[in-house]
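Below is one structure, written out as structure tokens, with a few remarks after it.
Throughout, numbering of the chain's residues begins at 1 and tracks the sequence.
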Amino acid sequence: MARDGAIYVCQSCGAVHGKWAGQCNACGNWNTIVEESRSAPPGALKPAATARARGLQFESLLSETPEPPRIVTGVAEFDRVCGGGVVPGSAILLSGDPGVGKSTLLLDVAGRAALKGARVAYISGEEAIEQIRARAKRMGLAEAPVNLASATALREILGTLKREKFDIVIVDSIQTLWSDAHEAGPGSVTQVRACAGEMVRLAKSQGTAVVLVGHVTKDGQVAGPRVVEHMVDAVLNFEGERGYPFRVLRAGKNRFGATDEIGVFEMGDTGLREVTNPSALFLGDQNGDRAEREPGTAVFAGIEGSRPVLVEIQALSAPSAYGTPRRAVVGWDSGRLAMVLAVLESRCGLGFGDRDIYLNVAGGLKINEPAADLAAAAALISSVCDVPLPKGCVVFGEIGLSGEVRAVGRAEARLREAMKLGFDKALCPPLSHEPTDIAATSLSRLAEAVERISQNRY
């Protein structure tokens with residue numbers, strides 16, 4: 001039986017139990033339930049008294065609301081993902097794998113914003129001030145007037161931030177903060193929820209933009225309770241594959257902007273460098289002496305947020321040495337690969353039942369668009385037929401289960417980006433307006449793509 005004033009909280013999902021158990025009934029994890037105290041220890045922060053209810057004041061939906069002001073930090077890719085800049089009074093949660101460059105990115109944001117006149121505070125619970133200064137010197141931001149502090153006590157942080165006015169406050173990380181109102185240790189579900197709630201309330205009351213750094217679990221989710229993601233206004237994910245210098249910033253949630261924008265960075269010796277033309281970065285060197293690529297490669301013209309991005313899709317088909325063929329996918333959905341293979345087998349007569357299939361999106365980018373179906377199919381056809389696609393050809397289009405090639409959005413923007421990078425041919429669905437500067441081959445059925453690629457007719 002639980003003792004008075006004690007509850008048992010799962011450190012994985014945040015579920016509250018009346019007594020201790022070896023397994024959490026909510027998430028199924030073992031040995032994650034920890035005893036915590038309901039009552040606050042002596043001297044802890046007291047909750048503010050609630051004001052008397054005065055009723056609600058409704059406003060009309062037809063009334064005009066001005067656009068929220070923005071703080072332009074000077075890191076264009078970060079501002080793009082935020083929706084054009086950081087909104088004062090907003091709370092942002094930045095997550096990412098260990099070592100991906102979260103602290104480097106936020107120090108760059110803090111330094112450039114401070115150089116543009118914003119008052120910025122950088123509070124670190126993981127590093128000493130000397131370490132932050134050494135990184136800033138390496139990044140060329142040693143002269144930036146950023147207010148640095150190394151602290152983990154929530155009481156001290158809140159007291160300082162309430163006395164001094166800042167435009168942007170960066171906390172690295174939320175898992176290191178500790179509130180003396182709870183007996184749980186730093187990083188626990190109770191502490192993360194309480195500290196995040198206090199920082200969000202500070203942002204709303206003071207009009208300060210607060211950026212919180214959050215660690216991720218093994219499956220890539222933000223560590224701590226899911227309620228933290230609902231508290232904040234934006235959740236940004238900083239991604240990067242090991243072995244690649246590229247880093248991609250995505251918005252998983254954004255109350256002040258689009259959620260499909262991406263920011264592309266390149267990690268170097270002096271920190272992160274913004275990539276203004278991701279297509280040239282992901283494609284690499286496309287100006288060799290050969291007139292054609294190797295078999296099994298196709299350039300996909302995709303859309304990431306508001307801008308088109310060209311990326312190379314590589315496919316390899318090899319005879320299987322075992323009874324069950326292998327399907328390996330990097331950077332794309334394995335379910336869509338299975339669908340494309342099924343359509344190629346049933347509608348186009350190509351056999352993959354005795355062959356291993358390997359599909360890779362070059363450069364470490366992850367593609368979620370259905371428009372990549374035709375590019376993946378073209379790479380597979382090129383590999384199994386051992387016929388390369390022309391070097392100046394881009395491919396995009398969605399494939400239906402009946403074998404038809406369906407139209408996709410913003411086809412003109414995809415073609416314009418391809419022409420900008422020197423491409424002169426395209427395999428795509430039927431277009432409403434035929435372009436004049438690029439030879440677009442319209443395909444209505446996937447069987448036409450198999451015929452044209454195998455016979456090298458474009």
Flag yes if more than 12 heavy atoms outside Q455 fall under 6.0 Å of its CD atom; otherwise flag no. yes
Determine the minimum heavy-atom distance between K204 and S90, stating which atoms define it. NZ-CA, 4.1 Å
Look only at the side chain of S383 and the backbone of G296, and say whether a donor-acceptor pair between them is shorter than 3.5 Å. no
If we check side-chain contact (heavy atoms from CB on, under 4.5 Å) with D167, which of these qualifies: I71, T208, V86? I71
side-chain hydrogen bond (donor to acceptor under 3.5 Å, both in side chains) with E274: which residues, sequence neighbours excluded? R112
Could you tell me if the side chain of V200 sits less than 4.5 Å from the side chain of V210, heavy atoms only? no
Does the E229 side chain pair with the main chain of V235, one donor and one acceptor, at a distance under 3.5 Å? no
Heavy-atom side-chain proximity of R347 to L446 below 4.5 angstrom: no
Got P88 and P69 here, is their nearest side-chain heavy-atom distance under 4.5 Å? yes
Check step by step if side chain to side chain contact (heavy atoms under 4.5 Å, CB included) holds for I313 and L359. CA-CA 7 Å; I313 296 181; L359 190 74; 3.7 Å; yes
Would C82 and L236 count as a side chain to side chain contact (heavy atoms under 4.5 Å, CB included) here? Give the steps. CA-CA 8 Å; C82 290; L236 308 183; 4.1 Å; yes
Contact summary for A375 and A298, nearest pair of heavy atoms: O-CB, 3.7 Å
Rounding to 0.5 Å, atoms OG (S382) and CG (L389) come to a distance of 5.0 Å
Contacts under 3.5 angstrom, residues 327-345 side chains, donor-acceptor by atom type, not counting sequence neighbours:
unit_1: R327; atom_1: NH1; unit_2: R355; atom_2: O; d: 2.6
unit_1: R327; atom_1: NH2; unit_2: F352; atom_2: O; d: 2.9
unit_1: D333; atom_1: OD1; unit_2: G335; atom_2: N; d: 3.2
unit_1: R336; atom_1: NE; unit_2: D373; atom_2: OD1; d: 3.0
unit_1: R336; atom_1: NH2; unit_2: D373; atom_2: OD2; d: 2.5
unit_1: E345; atom_1: OE2; unit_2: F352; atom_2: N; d: 2.9
unit_1: E345; atom_1: OE2; unit_2: G353; atom_2: N; d: 3.4

Donor-acceptor contact below 3.5 Å, side chain S150 vs main chain E127: yes
Locate the shortest heavy-atom distance separating V405 from P429; write the atom from each residue and the value. CG1-CG, 3.8 Å
Please answer whether the main-chain N or O of D97 pairs with a side-chain N or O of K102 as donor and acceptor at a distance below 3.5 Å. yes
Side chain to side chain donor-acceptor pair (under 3.5 Å) between T73 and D79, intermediate numbers included: CA-CA 7 Å; T73 64; D79 293 337; 2.7 Å; yes
Once you round to the nearest 0.5 Å, how far does CZ of F396 lie from CG of L415? 4.5 Å
Looking at side-chain heavy atoms only, is the closest gap between M139 and T270 below 4.5 Å? no
As an exercise, state the distance from OG of S402 to CD1 of I399, rounded to the nearest 0.5 Å. 10.5 Å
Within this structure, what is the CD-CZ distance for the pair E198 and R193, rounded to the nearest 0.5 Å? 13.0 Å
For side chain to side chain contact (heavy atoms under 4.5 Å, CB included), just list the numbers for V87 and R255, CA-CA rounded to whole Å, side-chain angles, deciding distance to a tenth of an Å, and then say yes or no. CA-CA 10 Å; V87 177; R255 290 174 179 163; over 6 Å; no
So, does R247 use its side chain to make a donor-acceptor pair with the main chain of V100 at under 3.5 Å? yes
So, E369 side chain and I303 main chain: donor-acceptor pair closer than 3.5 Å or not? yes
Determine yes or no for a side-chain-to-main-chain donor-acceptor pair under 3.5 angstrom, with Q191 supplying the side chain and S188 the backbone. no
Compare all side-chain heavy atoms of L421 with those of N277 and state whether any distance is below 4.5 angstrom. yes
Does a side-chain N-to-carboxylate-O contact under 4.0 Å join R307 and E77? yes
From OG (S317) to CG (L350), nearest 0.5 Å: 9.5 Å
Under 3.5 Å donor-acceptor pairs involving side-chain atoms of residues 26-34, not counting sequence neighbours:
unit_1: N29; atom_1: ND2; unit_2: S12; atom_2: OG; d: 2.7

Using atom types as modelled and distance alone, determine if a side-chain donor or acceptor of R410 lies under 3.5 Å from a backbone N or O of S306. yes
Nearest heavy-atom approach of G214 to I174 is CA-CG2, 4.2 Å
How long is the gap from OG on S103 to CZ on R135, to the nearest 0.5 Å? 5.0 Å
Would you say that more than 12 heavy atoms from the other residues, nucleotides or ligands in this model lie under 6.0 Å from the CZ of R445, or not? yes
Applying the side-chain contact (heavy atoms from CB on, under 4.5 Å) criterion to E126, which one of I132, V213, D172 satisfies it? D172
Inspect the contact between E304 and R250 and indicate whether a charged nitrogen and a carboxylate oxygen are less than 4.0 angstrom apart. yes
Ring centers of F78, F265 separated by less than 6.0 Å: no
Please answer whether the main-chain N or O of L177 pairs with a side-chain N or O of T152 as donor and acceptor at a distance below 3.5 Å. no
Answer yes or no: is there a donor N or O on one side and an acceptor on the other, between the side chain of N254 and the main chain of V81, under 3.5 Å? yes
Residue pair G89 / D233: nearest heavy atoms and the distance that separates them: O-OD2, 4.2 Å
May I ask you to check whether D356 and S320 show a side-chain donor-acceptor distance below 3.5 Å? yes
What's the verdict on side chain to side chain contact (heavy atoms under 4.5 Å, CB included) for F423 and E417, showing C-alpha distance, side-chain angles and the deciding distance? CA-CA 9 Å; F423 291 86; E417 180 71 11; over 6 Å; no
Heavy-atom pair with the smallest gap, counting every atom of L115 and A144: CD2-CA, 3.8 Å
